[in-house]
Amino acid sequence: MPSKPRVIYWFRTDLRLHDSPALKAALDLKPECLYPVWCWDPHYVYRARVGPNRWQFLKINKKSKLFVVREAPQTVLPKLFKAWKISHLVFEKDTDAYARDRDESINKEAKAAGVEVIMKMGRTLYDPDELVKRNHGKPTMSISQVEKAAEKLEVAKPVPTPESLPDPGDTNIDFEPTQPSPDPDFNDIQRHAPDKSYHKLSGPNGDFAPPTMSELGLKEATSQHRGGESVALKNLEKIIFDADYTATFSKPQTAPTAFNPQSTTLLSPHHHFGSLSVRLFYWRIMEVLEKYPKNKQSTIPTNLIGQLLFRDMYFAAQATLGYSFAQTVGNSHCRFVPWHLPSKIDPANNLITASYHIDSEEAEIWFQRWKWGKTGFPWIDAVMRQLRTEGWIHHLARHAVACFLTRGGCYISWERGAEVFEEWLVDHEVSCNSGNWQWLSCTAFYAQYYRCYSPIAFPKKTDPNGDYVRHYVPELQKLPAKYIYEPWKAPIQDQKKAGCLVKGEDVGEEGGSRVYPKPMFDFNERREICIEAMKNAYHVGLYGDNKKVLDGTWKELFSDSAEGPTEGKKEEGMNGADSDIGEHADDGEGEEKKKKGGQQSPSKQTAQKRKGQGTLDGHVNGGKGKKRKT
DNA sequence: CCGGCGGTTGACATT
DNA sequence: GAATGTCAACCGCCG
């Protein structure tokens with residue numbers, strides 16, 4: 001081993017120079033040379049473009065840069081250890097299920113190569129494992145649990161931004177690249193041309209440049225949102241400068257219909273990529289709160305601090321439950337509801353695969369119409385179109401479309417919706433996304449399934465004129481406000497005058513007029529059906545780790561009906577009063593409840609590589625002014 | 001064992 | 001127009 005440390009600083013979810021405890025640890029080694037490395041990991045979904053690798057490094061050291069190595073970290077890092085005579089590997093801790101597997105494998109390789117590994121927590125306010133420990137080893141399922149667990153912990157103060165960086169050493173690569181398997185291709189959905197990014201380890205010009213969109217076979221970005229540390233810090237300053245906004249922020253009071261500008265901070269993509277430290281954000285908020293009149297401040301959980309705590313809550317819940325947290329099957333804390341379009345399960349490991357069962361043609365049609373913003377409900381369609389083209393939607397808009405797809409409309413598995421969000425959201429985190437979908441589908445975290453978001457009444461509260469809809473569903477632009485959320489009610493004369501006919505099941509054009517579809521169902525009718533079905537599913541009381549869920553015998557506990565095998569539409573006796581099924585259900589409930597109340601056995605599922613739960617961690621921020629996101 | 005209460009963010013009617 | 005109450009009734013926690 002060389003006398004002076006030769007260090008790889010492996011970037012993952014900490015794409016910043018400010019407040020990076022891992023980077024600080026790397027520099028504290030006083031290394032002879034430092035290689036800032038990004039490994040192009042085929043496990044991740046890439047929607048964002050990696051900007052030119054000039055980046056902040058150049059400001060500090062012109063010889064340094066981000067080395068983007070186009071190979072999975074598990075295979076390439078061991079080779080780099082040798083080629084670059086590395087003594088230390090430093091990276092940020094990541095408690096995502098896949099990340100834990102990956103890092104375990106990297107740790108082993110490093111040990112074998114005599115490379116010392118240093119791992120530092122930097123992604124969340126608190127170390128998720130520490131929160132879990134202080135929550136008695138159980139997943140954090142409410143904010144009060146998080147607060148209690150964090151009572152004696154302190155949010156770390158930001159570490160200073162380095163003022164100098166050591167040069168990297170030689171960058172010769174004298175080994176053969178390992179091509180990733182083309183199957184599964186996590187980016188398949190987004191690709192329109194073959195992936196050429198892996199052809200040469202250091203990129204086509206040998207300069208370790210990040211792949212371009214065209215190399216990746218991805219279309220150019222349509223989003224106006226920009227990545228990068230400098231953008232993140234600038235946006236943070238804008239928020240902190242407005243003390244009233246920062247101190248009185250209350251999530252439920254923010255308008256999901258607001259755009260340009262939006263009503264929330266839009267810092268979540270930066271937290272996702274790591275271009276903004278959550279702890280810096282936390283302490284900057286705290287500074288404002290200290291000076292602001294206490295009685296005028298908003299409070300946890302609706303204030304800005306509360307938003308960060310929710311993020312930590314989901315991270316810690318996932319840290320406990322691992323892969324099972326992102327699905328129903330095997331998830332000890334997620335209620336089983338016999339949704340339409342359930343995921344196919346890999347029997348080898350009980351993990352969801354990328355495909356699902358089409359148990360109902362109608363549900364599949366509803367799902368596609370939801371995904372592509374053609375449900376015939378303008379509010380839902382506007383949100384889904386904003387999501388698809390811009391990659392970010394307001395938190396309450398997420399609520400509305402998630403409720404609509406699951407318990408408040410389509411009765412389709414939340415896993416279908418979570419996958420769509422994973423494809424399209426620029427701020428996607430496995431833990432927050434899975435957790436919020438469970439919340440909204442009332443399968444975990446939240447239980448008041450009779451509270452449904454109306455696609456008509458809800459947006460009306462903050463946007464009676466429908467400006468948001470007019471922007472994202474331009475075919476309805478000229479429709480009178482009276483009909484903007486219910487265009488099917490507009491008289492034909494008004495439709496003609498507005499240049500938009502409301503008919504059929506698709507958007508299109510007809511005789512110089514635009515066509516917007518009729519609603520795909522009667523919302524109030526569907527709402528009733530769903531609530532009844534949810535009531536029944538709660539009554540049956542199965543959780544994802546129940547044997548019956550795994551072996552399919554759950555079907556015996558649910559009554560059939562004309563509407564679908566499991567929606568409980570037909571009979572009133574579903575809540576156990578007058579049928580055999582009801583009796584079973586009663587027994588089932590008692591049993592399951594007792595089990596829940598007692599000691600939870602943690603999911604025994606072994607952590608195996610999975611093929612269905614890609615994450616978006618792999619995105620790298622674009623450089624300034626560069627387009628990112630599909 | 002019971003009841004009360006809180007739970008980030010519902011809809012609708014009434015004041 | 002904002003604030004409050006009612007609707008029907010979920011879970012988990014606390015006393």
Side-chain angles (χ1 to χ4, degrees), chain A residues 135-136 138-149 248-258 263-265 268 297-314 317 332-337 379-380 383 393-404 406-409 432 435-436 438-464 485-486 523-524 526-528 530-543 572 574-576 585 589-590 592-600:
Chain A
N135 195 43
H136 320 290
K138 291 190 210 148
T140 43
M141 300 305 285
S142 71
I143 275 299
S144 49
Q145 281 177 13
V146 172
E147 285 182 284
K148 219 175 193 176
T248 64
F249 180 97
S250 181
K251 191 65 152 276
Q253 254 70 62
T254 60
T257 46
S263 60
T264 48
T265 68
S268 55
Q297 292 179 17
S298 52
T299 51
I300 292 170
T302 58
N303 67 2
L304 284 177
I305 297 292
Q307 308 313 303
L308 292 177
L309 290 177
F310 275 109
R311 185 171 175 275
D312 267 48
M313 176 181 86
Y314 290 130
S332 54
H333 284 67
C334 178
R335 282 177 182 280
F336 173 77
V337 174
W379 159 243
I380 301 294
V383 173
I393 49 178
H394 185 280
H395 187 72
L396 292 178
R398 301 179 196 204
H399 277 210
V401 296
C403 178
F404 184 88
T406 58
R407 67 181 167 85
C432 301
N436 274 316
Q438 286 166 61
W439 186 300
L440 265 297
S441 62
C442 284
T443 49
F445 300 100
Y446 189 69
Q448 286 163 263
Y449 54 74
Y450 43 86
R451 292 189 169 180
C452 274
Y453 288 87
S454 157
I456 294 123
F458 183 65
K460 239 183 220 172
K461 274 189 294 192
T462 50
D463 187 10
Y485 295 113
E486 305 166 276
F523 174 74
N524 286 324
R526 286 300 308 171
R527 186 182 161 274
E528 296 296 315
C530 285
I531 289 178
E532 198 53 41
M534 289 300 291
K535 195 167 164 183
N536 185 42
Y538 265 66
H539 196 74
V540 171
L542 293 177
Y543 282 77
E572 295 83 66
M574 295 306 281
N575 21 7
E589 180 188 47
E592 305 315 328
K593 279 234 177 96
K594 250 172 251 155
K595 212 180 132 196
K596 293 308 291 181
Q599 204 56 287
Q600 273 303 317

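Just the heavy atoms: all of them, side chains too, but no hydrogens, waters or symmetry mates, feed the values below. In what follows, every chain begins at residue 1, and chains take the letters A, B, ... in the order their sequences are listed.
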Which word best sums up how the rings of A:Phe523 and A:Phe404 line up, parallel for under 30°, tilted for 30 to 60°, or perpendicular for over 60°? parallel
Looking at A:Gly408 and A:Cys452, what are the two nearest heavy atoms and their distance? CA-SG, 3.8 Å
B:dG7 and C:dA9: how far apart are their P atoms, nearest whole angstrom? 23 Å
Between NZ of A:Lys148 and C1' of B:dG7 the distance, given in whole Å, is 15 Å
At their closest point, which heavy atom of A:His394 faces which heavy atom of A:Leu396, and how far apart are they? ND1-N, 2.8 Å
Using a 5.5 Å cut-off between ring centres and planes within 30 degrees, is A:Phe310 stacked on the base of B:dT8? yes
Check A:Lys251 against A:Gln307 and note the closest heavy-atom contact, atom names and distance. NZ-OE1, 2.9 Å
For the pair made of OH in A:Tyr449 and C1' in C:dC10, what is the distance, rounded to whole Å? 6 Å
Nearest-angstrom distance from the residue atom CE of A:Met141 to C1' of B:dG6: 17 Å
Euclidean distance for P, C:dT6 against B:dG4 (whole angstrom): 16 Å
Residue A:Ala457, side-chain atoms from C-beta onward, closest of C:dG12, B:dG7, B:dC12: B:dC12
For the side chain of A:Tyr538, starting at C-beta, report the closest nucleotide among C:dC10, B:dA11, B:dG10. C:dC10
List the atom of A:Ser263, the atom of A:Phe249, and the distance in Å for their closest heavy-atom pair. O-CE1, 4.2 Å
Rounding to a whole Å, what distance do you find between A:Phe523:CZ and B:dA11:P? 8 Å
Assess the side chains of A:His395 and A:Thr264: does a donor N or O sit below 3.5 Å from an acceptor N or O? no
C:dT6 P sits how many Å from A:Tyr450 OH, rounded? 16 Å
What interatomic distance, in whole Å, is found between P of B:dC5 and the corresponding atom of C:dG5? 14 Å
Return the nearest nucleotide to the side chain of A:Ala447; candidates are C:dC10, B:dA11, C:dA9. C:dC10
Check the angle between the aromatic planes of A:Trp439 and A:Phe445 and answer parallel, tilted or perpendicular using the 30° and 60° thresholds. parallel
Mind checking if A:Gln307 touches a base, just sugar-phosphate, or nothing, with heavy atoms under 4.0 Å? base
Which string of ( ) [ ] | and . matches DNA chain C, if you list each base 5' to 3' and count Watson-Crick or G-U pairs only when both distances are under 3.5 Å? .||||||..||||||
Rounded to whole angstrom units, what separation is found between the CG atom of A:Asn436 and the C1' atom of B:dG7? 15 Å
Round to the nearest Å and state the distance from A:Gln145 atom CD to C:dG12 atom C1'. 9 Å
Are OP1 or OP2 of B:dA11 and a side-chain N or O of A:Lys461 less than 4.0 angstrom apart? yes
Using a cut-off of 4.0 Å on non-hydrogen atoms, how would the nucleic acid contact of A:Thr302 be classed: base, sugar-phosphate, or nothing? base
Any donor-acceptor pair, under 3.5 Å, between the side chain of A:Gln448 and the base of B:dG10, if you only look at N and O atoms? no
Smallest heavy-atom separation, A:Tyr453 atom then A:Cys403 atom, equals N-SG, 3.7 Å
To the nearest angstrom, how far is A:Asn524 atom CG from B:dG10 atom P? 17 Å
